[in-house]
Amino acid sequence: AQKVTQAQTEISVVEKEDVTLDCVYETRDTTYYLFWYKQPPSGELVFLIRRNSFDEQNEISGRYSWNFQKSTSSFNFTITASQVVDSAVYFCALSSPGGANSKLTFGKGITLSVRP
Amino acid sequence: KAGVTQTPRYLIKTRGQQVTLSCSPISGHRSVSWYQQTPGQGLQFLFEYFSETQRNKGNFPGRFSGRQFSNSRSEMNVSTLELGDSALYLCASSGGLVGTDTQYFGPGTRLTVL
């Protein structure tokens, strides 16, 4: 069975602070994909980033960066110089082709509040 | 490219009624998945359709059903509504490679059951 744990439930920061969102996953599959989605108050889930299990290279994309470590089954997401518009619920998700099931398994989400 | 669209955006029904929600995927996407989001259970997978066939199904009662048309548009139906069916229903589309493709979500349909 697959599982995604987001231990943080709510984070509040002041604008321009850096913030890291933690994600720990469980899967028996050797090939899998990890995602971060953002859900603003409007409700739509917005795709942010995706990582393949066979590529542990960490990257930076604008103000977003991520740290993928297979050894600790973690896929953490960092927002640098946070802005008020970053306020949203952030979900970490996992999928794998194993078992011919394309469903995404989501964590419970982290509510991020960025104060001016 | 237009994103995933869902209609209606809001719906109010009473217990015992049935409801149909619609989802139009991104052009070229052949897979449509449905998720239910509630404060208590979070985001849960309902089912996935690919080429007009249900390819995967989550752990939901038979009152929840769906279908997909030849143009990849999908509908989901909930019969005999219960109070607990009140939720945000999200539809996602992808290219269709099982467990591989990125799923892109629509704005959701917020269903309230009174």
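Residue numbers start from 1 in every chain, and the chains themselves are labelled A, B, ... in the order their sequence lines are given, proteins ahead of strands. Only a predicted model underlies this, so the values are computations on that prediction, with no experimental measurement involved. Every heavy atom of this structure was used, including side-chain atoms; hydrogens, water molecules and symmetry mates were not.
- Contact annotation: the side chain of B:Leu88 never approaches that of A:Glu44 to less than 4.5 Å [non-hydrogen atoms, C-beta and beyond].
- Looking at B:Gln41, only its backbone comes within 4.5 Å of chain A, counting heavy atoms on both sides.
- Of the possible polar contacts, one joining the B:Tyr35 side chain to the A:Leu104 backbone as a donor-acceptor pair under 3.5 Å is found.
- Looking at B:Arg9, only its side chain comes within 4.5 Å of chain A, counting heavy atoms on both sides.
- Annotation for B:Arg110: atom CZ does not count as buried by contact number, only 12 or fewer foreign heavy atoms lying within 6.0 Å.
- A continuous path of Ile, Leu, Val, Met, Phe, Trp and Tyr side chains, each step under 4.5 Å between heavy atoms, connects A:Tyr64 with A:Phe68, placing both in one hydrophobic cluster.
- In this structure, B:Gln44 and A:Thr105 have side chains that are not in contact, with every pair of non-hydrogen atoms separated by 4.5 Å or more.
- Atom OH in A:Tyr37 sits 10.5 Å away from atom CG in B:Leu43 (nearest 0.5 Å).
- Of the inter-residue distances, the one linking B:Thr102 atom OG1 with A:Ile49 atom CD1 reads 11.0 Å to the nearest 0.5 angstrom.
- Here A:Phe47 and B:Phe105 keep their ring centres 6.0 angstrom or further from each other.
- Linking ILVMFWY side-chain heavy atoms closer than 4.5 Å, directly or via other members, places B:Leu21 and B:Ile26 in two distinct hydrophobic clusters.
- A distance of 6.0 Å or more separates the ring centres of A:Phe106 and B:Phe45.
- The 12-atom threshold is not exceeded at CG of B:Asn59, counting heavy atoms of other residues, nucleotides or ligands nearer than 6.0 Å.
- In the hydrophobic cluster analysis, where Ile, Leu, Val, Met, Phe, Trp and Tyr join through side-chain heavy atoms closer than 4.5 angstrom, A:Val46 is grouped apart from A:Trp36.
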Show the numbers, then the answer: is there a side chain to side chain contact (heavy atoms under 4.5 Å, CB included) between A:Lys103 and B:Asn56? CA-CA 8 Å; A:Lys103 77 169 189 177; B:Asn56 293 296; 6.0 Å; no
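- Dense packing is recorded around NZ of A:Lys70, with more than 12 heavy atoms of other residues, nucleotides or ligands lying under 6.0 Å away.
- Interatomic distance, A:Leu45 CG to B:Gln37 CD, rounded to the nearest 0.5 Å: 6.5 Å.
- Transitive grouping of hydrophobic side chains (ILVMFWY, heavy atoms separated by less than 4.5 Å) brings A:Val13 and A:Tyr90 into a common cluster.
- If you tally non-hydrogen atom pairs under 4.5 Å between each of B:Gly42, B:Gly106, B:Gly108, B:Ala92 and chain A, the highest count goes to B:Gly106.
- Residues A:Phe75 and A:Leu94 fall within the same hydrophobic cluster, defined by Ile, Leu, Val, Met, Phe, Trp and Tyr side chains chained together at heavy-atom separations under 4.5 Å.
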